[in-house]
Number of protein chains: 2
Amino acid sequence: MRAFWAHGYERTGLPELQAAMGIGRQSLYNAFGDKRALFLEALDHYGTTQFRWLHERLAAPGSGLANVRAVLATWVDAVTARDFRGCLVCNATVEFGRDREVTAITERHNAAIEASFLAALRRAQAAGELRPSTDVAALAQFLATLGQGLALQGRGGLSRAKAAAIVGVADGLLDAAAAGR
Amino acid sequence: MRAFWAHGYERTGLPELQAAMGIGRQSLYNAFGDKRALFLEALDHYGTTQFRWLHERLAAPGSGLANVRAVLATWVDAVTARDFRGCLVCNATVEFGRDREVTAITERHNAAIEASFLAALRRAQAAGELRPSTDVAALAQFLATLGQGLALQGRGGLSRAKAAAIVGVADGLLDAAAAGR
DNA sequence: GGAGTTCTGGACCAATTGGTCAATATTTCG
DNA sequence: CGAAATATTGACCAATTGGTCCAGAACTCC
């Protein structure tokens, strides 16, 4: 997974894969079939492991709005880490475009992220933290998109100040949606 | 350029390049040096040609805020076009990560986009269309990031409804920044 | 313990990769 | 026109690609 994450599908050769996994080639083909199947499994594995914290944090007890803000705040750190390699789901979307098997996985994880945001936002709304008129569904999709944009820029290298500014705007948006509570 | 745009760097072979450009292999190497150099030139060419409209629209006379909104509106159409292939600058960022030569080009174009947004927003602010307290610099970076997120999702396939909802949130953000004018 | 199954390592393979060469065609220009 | 330079064609090349084969090691289970 790490190898694909760092270099993408095409740029990751079998030797590198073997080295990263510490197993021989035949074992690899025994266990996964071929390179593509291995990638698909790695991709799905990435989604379940890397996004677990996000889902849990958004579902954590307490203020739904605070949970959303907490996730945004961690994005700043994550995306500006010196060795940040982007988000494998985003990377795969770019590399494979509309490949059916790939989009099936990426869309599943994206939908899950949106759903977690949505649940948290709904909770916030029900608790009076957000105006009833707020379109929380759109907001959830928006936040997911913003995350992808951040991950993308982070892969190319993103300064902390810039990431913080961008997330700050999103925070302001939440402020505005909360203003009339 | 189209070939790289559609399939990325690694997935685009010399035969495909020749076919797309309608020239023989040697002519190609004569004119550009090697595949990588050709890509770098295609990438830069993409940036200057594809973003021209955006720069012009943002710099158009009249309301700066309206210009920004107009650009956002076109994003919805662009990104949900049936044959949308993403943004080559974004794709290159993903595929090459922190490759110096590539990021030099992508960052230049990203900076230009942010600058155009910033200029339009400043104009809007000066004209009283936005609250003086609005952090227009952050807003410009934010909008650029959102665009990248949209382009990313669009490459995988994005419904019009979803794109419209996401852009709608950004529009609402502009509303909020204009509210107290 | 040992037969049978599974797994592992490394040699091997066809196909494709980016890139080059040299001969030919084309243009340029005195 | 005709010589010099430029550009095009397609054959060619070494290296790498993903993938397979097979012999032997390891494990399982009666």
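Below, chain A is the first sequence line, B the second, and so on; all start at residue 1.
- Checked against C/dG9, C/dG19, D/dG18, the side chain of B/Arg25 finds its nearest nucleotide in C/dG19.
- We find that NZ of B/Lys35 is positioned 15 Å from P of C/dT16, with the value rounded to whole Å.
- No close placement of the A/Phe117 and A/Phe51 rings is indicated, their centers lying 6.0 Å or farther apart.
- Nucleotide C/dG19 holds its P atom 14 Å from the CG atom of B/Asn30, rounded to whole Å.
- Of the candidate nucleotides C/dT8, C/dG19, D/dG18, C/dG19 has the atom lying nearest to any side-chain atom of B/Tyr29.
- B/Glu16 has its CD atom 10 Å from the P atom of C/dT17, to the nearest Å.
- The distance from atom CD of A/Gln18 to atom P of D/dT17 is 11 Å, rounded to the nearest whole Å.
- Taking 4.5 Å as the limit, every side-chain heavy atom of B/Val102 sits out of range of all side-chain heavy atoms of B/Glu95.
- Atom CG in B/Leu14 sits roughly 11 Å away from atom P in C/dT20 (whole-Å rounding).
- The separation between A/Leu38 atom CG and D/dG18 atom C1' is 12 Å, rounded to whole Å.
- With D/dT8, D/dG19, C/dG9 as the choices, the nucleotide that has an atom nearest any side-chain atom of B/Gln26 turns out to be D/dT8.
- Heavy atoms only, all atoms of each residue included: B/Arg100 and B/Thr103 are closest at O-OG1, 3.0 Å.
- Residue B/Leu17 contributes atom CG, which lies 10 Å from atom P of C/dG19 at whole-angstrom precision.
- When the P atom of D/dA7 is taken as reference, atom CE of B/Met21 falls 14 Å away, rounded to whole Å.
- The shortest distance between the side-chain N/O atoms of B/Ser27 and the OP1/OP2 oxygens of D/dA7 is not below 4.0 Å.
- The cationic group of B/Arg11 lies under 6.0 Å from the six-membered ring centre of A/Phe96 and within 45° of the ring axis, placing it in a cation-pi geometry.
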